Amino acid sequence: MNDPADTTDAPSPAAHLDPITLAVIGNGLQQVCNEMDLTFVRAAFSPVISEALDRSDGIYHRDTGALIAQGELGLPVFVGTMQFGTRAVIERARDLAPGDLYIVNDPYLGGTHLMDVRFVKPYFYRGELFAWLANTGHWPDTGGMVPGGFSANATEVEQEGLRLPPVKLFKRGEMDEEILSIILSNIRIADQRIGDIKAQAAALAAGERRLTALLDRYGRDTVEAGIEELKVRAERQMRARIATIPDGRYHGRAWVDSDGVVDEPLTIEMRIEKRGTDLFFDMSGSSPPCAGPMNSVIATTRSSIYLAMKHIFPEVPINAGTFAPLHVADPEGTFLYARYPRPVSGCAAEVSQRIAEAVFNALTPAIPERLFGAPAGTSGNFALGGHDPERDRAYVMYVISGGGYGGSPAGDGISNGCSTIGISKSTPVEVFEQHYPVLFEEYTLHEGSGGAGEHRGGFGLRYRVKLRRGTANASFVMDHGRTGPLGALGGEDGGVNVVTVTRGGVPYHPPHRSKDQGIVLRPGDTVEVRTPGGGGYGPAAARPPERVARDVRRGYYTGEQARERFLVRLSPETGEADLAATAAFRDAGSVARADPGEAAPDPTAALRDAGSTVRADPDKVDPAATAALRGATGDDRWQ
């Protein structure tokens, strides 16, 4: 797949522009996108858009679809996918006229999963095509075998929902009622979707007005020159940051729990070569295409690498020039290059974060001052669909949740942060309870889940929600239930994701840990989710004992965890760190077992047990199981 971000080393196209005018144009383009974002949010009906902010808006090149600007409030994972999706529309568009608007959600045409629905609109200025405006919004449902579209064991894309190629939903400003009726006849809660459709279209209309005002003020030629100059400067800035990475080859890995069908981990093999001011990414050694929905389309795979590099170098502005030094080899023959009809519902929210994690893992030894322990790395996708007898209407509730960020050279990771791929926030529980027949009984930190380290990982989230009335169908597509987010530079991995469904008082754990579907709930049944903590940064024995004691006082860790994971002895009388005892304990290199004389665990047995649904205490890292599992997968980082 050719990259619309590719540029040449041409001289600066706008050297004549003074810095102030260039800055105003750049900020003006950004503001156009920001206003589209805000219009979309404020007009949308679905909480996942209006509250959780699962959407993005941008401006794209008229010929190539390359990114010109994207809203600051948009999801980072859409940075790459929307330019590929816009180009797919450009290649298929015919007889364009002002007011036309295309709708598309085909994952294989520059998309993500079917629930991310894109609107793409040609923007005309004084009768000539100037650019394309596009946005993506997560619809709560697009049909398929489970409410919400997150089918954990789909084996073909048709089971995941309605797939739309680029078609004109609006023609010369008028909505095509026949196409609309086809869409609404194939999705759940169709009566609520019309509000999101109008909001999505209104956002692009707002973008047209604001972009016209910018062009009227500065003129087409000046704005176009500014766009080209901003692209050149973004590329220059990214190359300057890449130059700080030592030349060489780097290797990292990350694992997906399973594909939802076969209970075996999927491996992402990330090999990065740095030459001069370019980075070359090779994932050809990754697992082959999988049966279940954890395949990733190439647009999402590429975008995951782009957003990973943006995490590492956040100060570089975003446009097509940012991506020019990043060369991604198409990983054909792997689950990271999905072709029709492979199911893909987990690619954008889950697999993308494993790809980013593999990039972080690979580059940590090269630029440790820039990297961090891995973040929680899951969006916590939980969909609940049913019928509310009190309101006599159907519903689909979609929950995304936060997790811990990894420790970093700057300090401990933050707790309950948004996912790696987005800036989405969790919908307030009060909004959920207002819209749906549920009650949140608990919403707290997942204590103990932060990976130990000199700078510990942040803590995940723990919530429990009860169905109050009617019956409902639950499905989950999450990750990091088998292994936690990777620690960095000797830091401990973060705690794992745990799902517990209690029906009629009997607890149930999904066989695939973080993925399941078709779970029928009745009034009084509950779903409890404990999201992952972030990986630790640096050796846990280097953490000041006083900070460990403080964490114990706050309830983040138990005294036993302080001893076993941080090698810190606490005074039984005061709870403060016993500095002398701790120093002796650490110097002795104790393994911190309750009985130092007991035999070491059998790693082979630990590996067999690693496939169990949930460990006895999922908050604890099992060193023997982890070592055995890594050895079995050939993780040479730890040899």
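This structure is a prediction, so every number in the text was calculated from the model and none was measured.
- In this model, a donor atom of one side chain and an acceptor atom of the other lie less than 3.5 Å apart for Ser46 and Arg193.
- To the nearest 0.5 Å, atoms CD (Glu269) and OG1 (Thr334) are separated by 11.0 Å.
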Note to self: Before you tell me yes or no, could you show the steps for Leu486 and Phe360 under side chain to side chain contact (heavy atoms under 4.5 Å, CB included), namely the whole-Å CA-CA distance, both residues' side-chain angles and the distance that decides it to 0.1 Å?
What the structure shows: CA-CA 10 Å; Leu486 294 170; Phe360 303 151; over 6 Å; no
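- Thr81 places no side-chain N or O within 3.5 Å of a backbone atom of Gly110 that could act as its donor or acceptor partner.
- At a cut-off of 3.5 Å, with distance as the only test, no side-chain donor of Thr300 or Thr112 sits close to an acceptor on the other residue.
- Aromatic ring orientation, Phe459 versus Tyr556: tilted (interplanar angle from 30° to 60°).
- With sequence neighbours left out, the side-chain contact (heavy atoms from CB on, under 4.5 Å) criterion links Cys290 to Asp259, Leu266, Met294, Asn295, Phe335.
- Between the CE atom of Met82 and the CG atom of Leu75 there is a distance of 10.5 Å, given to the nearest 0.5 Å.
- Within a 6.0 Å sphere centred on CZ of Phe45, heavy atoms belonging to other residues, nucleotides or ligands number 12 at most.
- Remark: the backbone N or O of Ile400 is paired with a side-chain donor or acceptor of Ser426 at under 3.5 angstrom.
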Just list the side-chain donor-acceptor pairs under 3.5 Å for residues 366-380, sequence neighbours left out, or say none.
unit_1 : atom_1 : unit_2 : atom_2 : d
Arg370 : NH1    : Ile312 : O      : 3.2
Arg370 : NH1    : Glu315 : OE1    : 3.3
Arg370 : NH1    : Glu315 : OE2    : 3.3
Arg370 : NH2    : Glu315 : OE2    : 2.9
Thr378 : OG1    : Glu350 : OE1    : 2.7
Thr378 : OG1    : Glu350 : OE2    : 3.1
Thr378 : OG1    : Gly380 : N      : 3.1
Thr378 : OG1    : Asp479 : N      : 3.2
Ser379 : OG     : Ala349 : O      : 3.2
Ser379 : OG     : Gln353 : NE2    : 3.2

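- Checked for salt-bridge contact, Arg188 and Asp141 meet the test: a charged N lies under 4.0 Å from a carboxylate O.
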Next item on the list: Let me see the working for Ser514 and Asp257 under side chain to side chain donor-acceptor pair (under 3.5 Å), right down to the final yes or no.
Entry: CA-CA 8 Å; Ser514 57; Asp257 287 346; 2.9 Å; yes
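- Looking only at distances, a side-chain donor or acceptor of Ser303 sits under 3.5 Å from a matching main-chain atom of Val77.
- Between Gln70 and Ser56, the side chains place a donor N or O and an acceptor N or O closer than 3.5 Å (distance only, hydrogens not considered).
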Next item on the list: Walk me through it: do Asn153 and Gln517 pass the test side chain to side chain contact (heavy atoms under 4.5 Å, CB included)?
Entry: CA-CA 7 Å; Asn153 52 40; Gln517 70 176 55; 3.0 Å; yes
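- Residues Ser345 and His113 bring no donor and acceptor atom of their side chains to less than 3.5 Å of each other.
- For the atom pair NE2 (His327) and CZ (Arg302), the distance works out to 10.5 Å, reported to the nearest 0.5 Å.
- Side-chain contact between Tyr436 and Val396 is absent, with no heavy-atom pair separated by less than 4.5 Å.
- Atom OH of residue Tyr557 and atom CD of residue Glu447 lie 11.0 Å apart, to the nearest 0.5 angstrom.
- For Asn105 (side chain) and Arg118 (main-chain N/O), no donor-acceptor pair under 3.5 Å exists by modelled atom type.
- With contacts defined as side-chain heavy-atom distances shorter than 4.5 Å, the pair Glu433/Leu439 qualifies.
- Side-chain atoms of Pro293 and Thr155, non-hydrogen and from C-beta on, never get closer than 4.5 Å to each other.
- With respect to the salt-bridge test (charged N to carboxylate O, under 4.0 angstrom), the residues Asp106 and Arg163 qualify.
- Here the side chain of Asp57 pairs no donor or acceptor atom with the backbone of Asn135 at under 3.5 angstrom.
- Formation of a donor-acceptor pair under 3.5 Å by the His446 side chain with backbone atoms of Thr531 is found in this model.
- Rounding to the nearest 0.5 Å gives a distance of 10.0 Å between OG of Ser415 and CG of Leu461.
- Ionic pairing of Arg55 and Asp196 is not present here: no N-O contact between side-chain nitrogen and carboxylate oxygen is shorter than 4.0 angstrom.
- Between the side chain of Glu357 and the main chain of Pro485, no donor-acceptor pair closer than 3.5 Å is present.
- Between Ile318 and Leu67 there is a side-chain heavy-atom pair separated by less than 4.5 Å.
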Next item on the list: Just do the side chain to side chain donor-acceptor pair (under 3.5 Å) check on Ser151 and Glu160 with the steps written out, would you?
Entry: CA-CA 6 Å; Ser151 170; Glu160 297 179 319; over 6 Å; no
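- Between the side chain of Glu442 and the main chain of Arg464, no donor-acceptor pair closer than 3.5 Å is present.
- Two residues are said to be in side-chain contact when any heavy atoms from C-beta on lie closer than 4.5 Å; Asp551 and Arg456 meet this criterion.
- The aromatic rings of Phe440 and Tyr443 lie perpendicular to each other, with more than 60° between the two planes, well past the 30° mark.
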Next item on the list: Show the numbers, then the answer: is there a side chain to side chain contact (heavy atoms under 4.5 Å, CB included) between Val438 and Leu384?
Entry: CA-CA 10 Å; Val438 299; Leu384 186 71; 3.9 Å; yes
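- Remark: side-chain polar atoms of Asp412 are not paired, donor with acceptor, to backbone N or O of Gly457 under 3.5 angstrom.
- Using a 4.5 Å heavy-atom threshold, the side chains of Ile355 and Leu336 count as touching.
- Looking at Thr39, Leu133, Val120 one by one, the single match for side-chain contact (heavy atoms from CB on, under 4.5 Å) with Leu204 turns out to be Leu133.
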Notebook entry, point to check: Are His480 and Arg354 close enough, and set up right, to give a side chain to side chain donor-acceptor pair (under 3.5 Å), and what steps lead you there?
Noted result: CA-CA 9 Å; His480 266 322; Arg354 295 289 76 67; 3.1 Å; yes
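- Using a 4.5 Å heavy-atom threshold, the side chains of Ile68 and Tyr60 count as separate.
- Residues Leu326 and Ile242 come closest through the heavy atom pair CD2-CD1, 4.0 Å.
- Ring geometry, Phe476 versus Phe382: the interplanar angle falls under 30°, so the pair is classed parallel (tilted spans 30 to 60°).
- Every residue was checked against the ring-ring contact (aromatic ring centres under 6.0 Å, His included) condition with His455, not counting sequence neighbours, and none meets it.
- His251 places no side-chain N or O within 3.5 Å of a backbone atom of Ile272 that could act as its donor or acceptor partner.
- Using a 3.5 Å distance cut-off with no hydrogens or angles, the side chains of Asp54 and Tyr398 do not pair a donor with an acceptor.
- Counting heavy atoms from C-beta on, the side chains of Thr322 and Tyr306 never come closer than 4.5 Å.
- Distance check, rounded to the nearest 0.5 Å: CE of Met478 to CZ of Phe150 gives 10.0 Å.
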Margin query: His435 vs Met397, test: side chain to side chain contact (heavy atoms under 4.5 Å, CB included). Steps then yes/no.
Written below: CA-CA 9 Å; His435 283 264; Met397 180 179 79; over 6 Å; no
